[in-house]
Amino acid sequence: MGSITFNHVFKRYKGESRPAVNDFHLSIEEGEFLVLVGPSGCGKSTTLRMLAGLEEISSGEMYMDDKFINYVSPKDRDIAMVFQNYALYPNLSVFENIALGLKLRKTAKHEIELRVKRVAKILEISHLLDRKPSQLSGGQKQRVALGRAIAREPQVFLMDEPLSNLDAKLRAQTRAEIIKLQSDLKRTMVYVTHDQVEAMTMGTRIVVMKDGLIQQVATPRKLYDEPINVFVAGFIGSPQMNFISGTIEREEGNFYFANKRMRLLLSDKYGSRFENSAKFIRNVIMGVRPEHVLLKANMPTDEQSSFVPASVQMTEATGADSYVYVLVGETRIIARTEPENEYGKDEQIAVGFQMNRLHFFDENTGIAVGGEEG
Ligand SMILES: Nc1ncnc2c1ncn2[C@@H]1O[C@H](COP(=O)(O)OP(=O)(O)OP(=O)(O)O)[C@@H](O)[C@H]1O
Ligand SMILES: [Mg+2]
């Protein structure tokens, strides 16, 4: 129970020329924790609202457990939704807010009492049941909103940025609670966020969206290690992946990445991708994550080394690690280093790359070379 299928779903709002959701095509398994992530306006909420039945779809089909639900009214879908702004009723007590959905479904009074109390216990809000929403902190309101959804015991939970109004600590705590709840209840969860850290820590699968289009659907690990295009590569990971423009050159069976400042011999792993690519790709963007950038105080003398001269712009210390911003020509590169390594502003150093942790994207299409489509 609780599986969901989107079959080529489109949403075009009245008077808009471009669809807000463009050919959303995806199956969600029962019990899965699916996260929709992407920048503001990419269509996350619209997708969720269509699934909840709060927004008409323009074309395509939606199914829940193989049941066609396009025209099923929201209250008849076995779905509970938690909104960003909690949407609590100010005149109702916490108890009544949590009980409301059950009351509307004509649940027996003693059953309502039982469920509300059980949910309140799980969420540690038992002592707040008589209060009004105005007498609660943001985190408490959030838990009431969660409680209202949980009490209904739906097959599917939909959550739209439920943590965005909380401070960092409460957010981390509630995040952990939601993960635990979902794994205890084993219900399908579709969770929307624009926070990639939240997406990476919560989702068993992540859907990255941009301009209404699905960019990639994958596990957090795969998204991080094998982003399908420049957008996903830049969106997932913080600080973001470094991007360096250059060309691919072939010489005596070897492949090199080259630009004005560097000429790197590529391992066979990458060489074969260019060799097997359907078309000849010359202009590329090389991507490398900050943790795969190496810094040395001096240039190594070894000819095959991947190091190039750079100058230090600044260092950002987070406590656990330091991020060193360097310039190679005009290209800024961020490196993650141990906090013990200190570099002064304008210091001349050497920058290198873990040569088996590189990413290459076709400069024209942005698509990863040797990826599923490249
Ligand atoms: N009722 C509406 N009428 C017209 N256009 C709308 C309406 N609601 C949303 N849109 C547009 O549809 C697109 C997708 O909006 P949506 O709210 O789904 O984005 P989102 O990914 O949830 O963004 P955010 O992270 O800011 O919440 C946006 O361009 C938005 O302006
Ligand atoms: Mg939204």
Side-chain angles (χ1 to χ4, degrees), residues 4-26 28 33-62 69-71 73-74 77 79-88 138 141-142 145-146 148-149 156-168 171 174-175 178 188-203 205-218 220 223 227-238 240 366:
I4 296 162
T5 305
F6 286 90
N7 191 14
H8 299 292
V9 171
F10 286 76
K11 172 70 186 184
R12 193 191 301 269
Y13 286 104
K14 263 208 188 75
E16 297 293 319
S17 54
R18 281 196 333 165
V21 172
N22 194 340
D23 200 12
F24 198 94
H25 189 69
L26 182 75
I28 306 170
F33 198 130
L34 186 90
V35 175
L36 301 184
V37 70
S40 184
C42 72
K44 305 179 295 292
S45 296
T46 303
T47 304
L48 214 59
R49 291 172 57 80
M50 287 192 289
L51 184 52
L54 301 172
E55 203 72 72
E56 244 178 61
I57 76 173
S58 306
S59 66
E61 288 132 33
M62 283 182 313
I69 58 165
N70 279 34
Y71 306 112
S73 79
R77 300 185 187 196
I79 283 175
M81 185 152 168
V82 179
F83 299 89
Q84 174 175 354
N85 58 5
Y86 320 134
L88 299 179
K141 280 184 205 159
Q142 191 55 64
L146 283 173
R148 186 171 53 187
V156 177
F157 287 108
L158 305 182
M159 300 200 180
D160 194 350
E161 312 233 11
L163 308 184
S164 55
N165 290 334
L166 305 184
D167 66 38
R171 203 147 121 180
T174 318
R175 191 193 292 165
I178 293 176
T188 309
M189 169 79 77
V190 185
Y191 187 101
V192 163
T193 178
H194 62 262
D195 179 344
Q196 54 97 11
V197 176
E198 213 162 278
M200 293 293 278
T201 50
M202 298 183 92
R205 239 176 5 141
I206 300 175
V207 179
V208 182
M209 295 179 73
K210 179 187 173 229
D211 299 336
L213 287 162
I214 293 181
Q215 303 290 305
Q216 187 169 7
V217 184
L223 221 47
I228 193 135
N229 59 31
V230 172
F231 174 78
V232 175
F235 190 77
I236 300 290
S238 172
Q240 92 162 25

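Atoms within each ligand, like the ligands themselves, are counted from 1 in listed order. None of these values were measured; they are calculated from a predicted model.
Looking at atom 26 (O) of ligand 1, its nearest protein heavy atom turns out to be S40 OG, 2.5 Å. The protein heavy atom nearest to atom 12 (O) of ligand 1 is A20 CB, 3.3 Å. For atom 9 (C) of ligand 1, the nearest non-hydrogen atom of the protein is Y13 CE1, 3.4 Å. The protein non-hydrogen atom at the shortest distance from atom 25 (O) of ligand 1 is K44 NZ, 2.8 Å.
Contact annotation: T46 places no N, O or S atom under 2.8 Å from the Mg ion (ligand 2).
In this structure, F24 and F6 have perpendicular ring planes: the angle between them is above 60°, well past the 30° mark.
Panel note: side chain Q215, backbone I228; no donor-acceptor pair is recorded below 3.5 Å. With N7 contributing its side chain and G60 its backbone, the two residues share no donor-acceptor pair below 3.5 Å.
Neither the backbone nor the side chain of K14 comes within 4.0 Å of ligand 1, counting heavy atoms alone.
Residue H194 has no nitrogen or oxygen atom sitting less than 3.5 Å from a nitrogen or oxygen atom of ligand 1, judged on distance alone. Any N or O atom pair closer than 3.5 Å counts here, and G41 shares at least one such pair with ligand 1. Considering backbone and side-chain atoms alike, S45 places an N or O below 3.5 Å from some N or O of ligand 1. Of the N or O atoms in E16, none lie within a sub-3.5 Å distance of an N or O in ligand 1. Geometrically, ligand 1 and G43 share a nitrogen or oxygen pair separated by less than 3.5 Å.
Within a 4.0 Å radius of atom 18 (O) of ligand 1, the protein contributes at least one heavy atom. By the definition of a contact as any protein heavy atom under 4.0 Å away, atom 30 (C) of ligand 1 is not in contact.
The residue among D211, V21, T46 with a heavy atom at the shortest distance from atom 16 (P) of ligand 1 is T46.
For ligand 1 and E161, the ligand atoms under 4.0 Å from any heavy atom of the residue are 25 (O).
The closest approach between a heavy atom of C42 and any atom of ligand 1 is below 4.0 Å.
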